[in-house]
Amino acid sequence: MNLFSEYRNRIVDAVEELASNGDLPHELDTSRISVEPPRDASHGDLATNAAMVLAKQAGMKPRDIAEMLVTGLRAQSEISAAEIAGPGFINMRLDSVAWYAVLAEILRRGQAFGASDMGTGRKVNVEYVSANPTGPLHIGHARGTVFGDALAALLEKVGYDVCREYYINDAGAQVDALARSAYLRYREAHGEEIGEIPEGLYPGEYMVPVGQALAKRDGMKWLDEPEHVWLPEIREFSINAMMNLIRDDLSTLDVRHDIFTSERSLVEMGKVDDVLENLEGRGLIYTGVLEPPKGKKPDDWEARPQTLFRATDFKDDVDRPLKKSDGSWTYFASDIAYHRDKYVRGFTDLIDVWGADHGGYVKRMVAATDAVTEQGARLDVKICQIVRLLENGEQVRMSKRAGNFVTLRDLVDEVGSGVVRFIMLTRKNDAPLDFDLAFVREQSRENPVFYVQYAHARCHSVMRMAADEVPEIDTATEALQGADLSQLTDEAELALIKTLAAWPRTLESAAEAHEPHRLAFFLLEVASAFHGLWTKGSRENPSLRMVRNDAPELTRARLGLARATQIVIASGLAIFGVEPVEEMR
RNA sequence: GCGCCCGUAGCUCAGCUGGAUAGAGCGUCGGCCUCCGGAGCCGAAGGUCAGAGGUUCGAAUCCUCUCGGGCGCGCCA
């Protein structure tokens, strides 16, 4: 149950009733009516803009409409107050009973609280990571990985049918370079002195075992053969080795994709030819000459006729090339086929998670998707900005020299999967992120992961304490469902309940915007409300202690609140893929 | 030169898709430990939302321009 959408429905009903009574005109557009928590809590629990939105089309003053609505709202039993404020807002205050009902619902539904059918089972494809199979994942990949994974979980939570997908770029020149690198390591494994790895190949140490494995499997077989003989097989072998490496890296973050789609297989199945034939038939492909890019002209630029896609018909800035000068397809061409393929597989909502360096590619991909699905699918590309790795504010340099970069695995080993995942989600995806290692090792308020986990651990702690001090209380969730929640009358207690009650709404808006970071801020808010309540009982007002051996019924109600807090935090962390901790001594 | 993203407190960032007096953490200053985990909490000071126009009942949010920063700009992915 989303409290806010429920009350929105009530308002819309009220408007329709007034219309049928003749107090308001018929067929008003109610779509812009919203019900939100007011910015200032002193204004109440819910606020609606209904009167202001309707004023113009009804040809009436906002306050007159508000007046009529308020009369109806006041008659509803859970609404303890309804007032008109400012230019025509209606502020409503809910009776405590309504809040106890939400709390009871949390205890009843557990982590399913907040789940919804907003997505109505629509098929969403989230493509993320998709790193080239040319080496282990590094820190730059970590953010998109975590982001995509959390977004997928979030969409699942609100009722989408989600597929997590990885696109393997195994068809370009880069995997040929990979094969040559493997071949050198293969010779090396046979005792040959290979010297410096040439420019353009992959010099990383991680290629050494690939060469050794090849030598072990194939013996001397390739030593005296020319490149065209060994390249396809060694390429295949190397790609598999790299994908195993990458899958391994992903598993350190507990990331598991449903599908790995190979670019090469798309090409081999003729899907690129098919889709381009289709575009050709629709007159969206032509041969032309592009203007040179201004300002930064490549040295070797020369005007040349190319096979171009009419991207400008779909809001892109220029038409885009589909063929390289050697006659093979560009990455873009196979990517068009790939996105078409996703659509053919039944996905109408496509999400791609890319790194910042691909930002310039978004328009053409959206254009191509529009073209190739004839507006049947919508592509949303989420760009993840760079992560700066810091140690006490000092940038940790990732030296690419000798393939010596900081790997994702290094980072996870250093701070743990949960920390990596949470921190990566504490910023909006398109804002740069500072990841300070010293910070996340710290156990304090400044470390958001700790702060949230601490609140969760405290919830458990209070249960353990209760079992000791008031043994007659059963702390199982089912037992706490029977607590008399109306005993929770302190302002801080109600404030915490109200915060928890916003969880379904937070989930829905985060899912709609494709912005999982909102959950991180929500969890911090919950933790803050809980810590505040805790300290209030601990320091200022002992009567607010959660465990009171002199008041078992009250204690039961408070444990119910603590359990609900724990449930909501745990379900938020679950979407992030972070294990909630029960103890942190 | 063009495109995309960004610009909010001294610092790091939120701001719920256009709502009311713009919020939080850090830092600064001042408080709270006989008792559920002080790894925490409470309070104060701190703002021309980069700037200028526009749209409307109403703009940090939408549009235009200017300034500043990041990323990208045919045959790499």
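From a predicted model like this one, the values you see are computed outputs, not experimental measurements. Chain A is the first sequence line, chain B the second, and so forth, proteins listed ahead of strands; every chain is numbered from 1.
Base orientation of B/rC6: anti (glycosidic angle beyond 90° from 0). Glycosidic conformation of B/rU17 is syn; the angle stays within 90° of 0.
Spacing between atom CD of A/Glu127 and atom C1' of B/rA77 amounts to 12 Å, rounded to whole angstrom units. In this structure, the CZ atom of A/Phe530 is 11 Å from the P atom of B/rG38, given to the nearest Å. For the pair A/Tyr202 OH and B/rA77 C1', the computed distance is 9 Å after rounding to whole Å.
Distances shown here put a side-chain N or O of A/Trp534 below 4.0 Å from the OP1 or OP2 atom of B/rG38. Close to B/rC41, at under 4.0 Å from its OP1 or OP2, lies a side-chain N or O of A/Tyr451. Distances shown here put every side-chain N or O of A/Lys428 at or beyond 4.0 Å from the OP1 or OP2 atom of B/rC13. A sub-4.0 Å separation between OP1 or OP2 of B/rC57 and a side-chain N or O of A/Arg32 is absent. Applying the 4.0 Å criterion to OP1 and OP2 of B/rA77, one finds that A/Lys324 has a side-chain N or O inside that range. Residue A/His517 has a polar side-chain atom (N or O) positioned under 4.0 Å from OP1 or OP2 of B/rG15. For the pair A/Ser461 and B/rG37, the criterion of a side-chain N or O lying under 4.0 Å from OP1 or OP2 is met.
With 3.5 Å as the limit, one finds no donor-acceptor pair spanning the side chains of A/Gln57 and A/Asp29. Side-chain polar atoms of A/Glu582 and A/His456 form no donor-acceptor pair below 3.5 angstrom.
In this structure, B/rC49 forms no base pair with any nucleotide, since neither Watson-Crick nor G-U wobble geometry is met with both distances under 3.5 Å. Pair check for B/rG38 finds none; no Watson-Crick or G-U wobble contact set falls under 3.5 Å. In this structure B/rC13 sits in a base pair with B/rG23, meeting the Watson-Crick or G-U test at under 3.5 Å. Pair check for B/rC29 finds B/rG43; Watson-Crick or G-U wobble, both atom distances under 3.5 Å. Across all strands shown, B/rC71 forms a Watson-Crick or G-U wobble pair with B/rG3, both key distances being under 3.5 Å. A 3.5 Å limit on both hydrogen-bonding distances identifies no Watson-Crick or G-U partner for B/rU61.
A/Arg464 contributes no side-chain N or O that forms a donor-acceptor pair with the base of B/rC36 under 3.5 Å. For a distance-only test at 3.5 Å, the side chain of A/Asn91 qualifies as a donor-acceptor partner of the base of B/rA20. With hydrogens and angles ignored, no donor-acceptor pair closer than 3.5 Å exists between the side chain of A/Arg548 and the base of B/rC36.
Closest to the side chain of A/Arg518, from the set B/rC16, B/rC36, B/rC71, is B/rC16. The side chain of A/Val53 approaches B/rG19 more closely than any other nucleotide in the set B/rU17, B/rC16, B/rG19. Comparing B/rG15, B/rC76, B/rG25 by their closest approach to the side chain of A/Glu446 singles out B/rG25. Of the candidates B/rG15, B/rG3, B/rA39, B/rG15 carries the atom nearest the A/Glu515 side chain, counting heavy atoms from C-beta on. Across B/rG3, B/rA14, B/rG19, the shortest atom-to-atom separation from the side chain of A/Glu36 is found for B/rG19. In this structure, the nucleotide among B/rC75, B/rG40, B/rU56 sitting nearest to the side chain of A/Lys56 is B/rU56. Nearest to the side chain of A/Arg427, among B/rA77, B/rA20, B/rA14, sits B/rA14. Relative to the side chain of A/Met584, the nucleotides B/rC5, B/rC36, B/rG37 differ in distance, and B/rG37 lies closest. Each of B/rA39, B/rA14, B/rC16 was ranked by its minimum atom distance to the side chain of A/Ser509; first place goes to B/rC16. In the set B/rC75, B/rC57, B/rA39, B/rA39 carries the atom at the smallest distance from any side-chain atom of A/Tyr454.
A 4.5 Å side-chain heavy-atom check between A/Met424 and A/Phe435 finds at least one atom pair inside the cut-off. Residues A/Arg235 and A/Leu178 form no side-chain contact, since every pair of their non-hydrogen atoms from C-beta on lies 4.5 Å or further apart. A/Leu533 has its side chain within reach of A/Glu493: a pair of non-hydrogen atoms, C-beta onward, lies under 4.5 Å apart. Put simply, the side chain of A/Leu322 does not reach to within 4.5 Å of the side chain of A/Leu308, judged on heavy atoms. When side chains are defined from C-beta on, A/Asn447 does not count as touching A/Phe439, because their heavy atoms never get closer than 4.5 Å.
Across B/rC62 and B/rU8, the matching P atoms stand 15 Å from one another, rounded to whole Å. For the C1' atom pair drawn from B/rG53 and B/rC67, the interatomic distance equals 15 Å after rounding to whole Å. To the nearest whole angstrom, the two C1' atoms, one in B/rG37 and one in B/rG18, are 44 Å apart. Between the P atoms of B/rG68 and B/rG47, the separation comes to 26 Å (whole Å). When the P atom is compared between B/rU61 and B/rG19, the two are found 11 Å apart, to the nearest whole Å. B/rA20 and B/rG15 are spaced 15 Å apart, taking the P atom of each and rounding to whole Å. As rounded to the nearest Å, B/rG43 and B/rC4 have P atoms that lie 44 Å from one another. Between B/rU21 and B/rG25, the distance separating the two C1' atoms is 22 Å to the nearest Å.
In this structure, A/His358 does not count as stacked on the base of B/rG72 under the 5.5 Å centre distance and 30° plane angle limits. The side-chain ring of A/Phe89 is not stacked on the base of B/rG19, judged by centre separation under 5.5 angstrom and plane angle under 30 degrees.
Of the two residues contacting RNA chain B, namely A/Ala356 and A/Ala173, the nearest-nucleotide position lying further toward the 5' end is that of A/Ala356. Mapping A/His514 and A/Ala527 onto RNA chain B by nearest heavy atom places A/His514 closer to the 5' end of the strand.
Using a 4.0 Å heavy-atom cutoff across all strands shown, A/Ala47 reaches at least one base atom of the nucleic acid.
With salt bridges taken as basic N to acidic carboxylate O contacts below 4.0 Å, one links A/Asp316 and A/Arg320.
A/Asn169 approaches A/Pro133 most closely through the heavy-atom pair O-CD, 3.4 Å.
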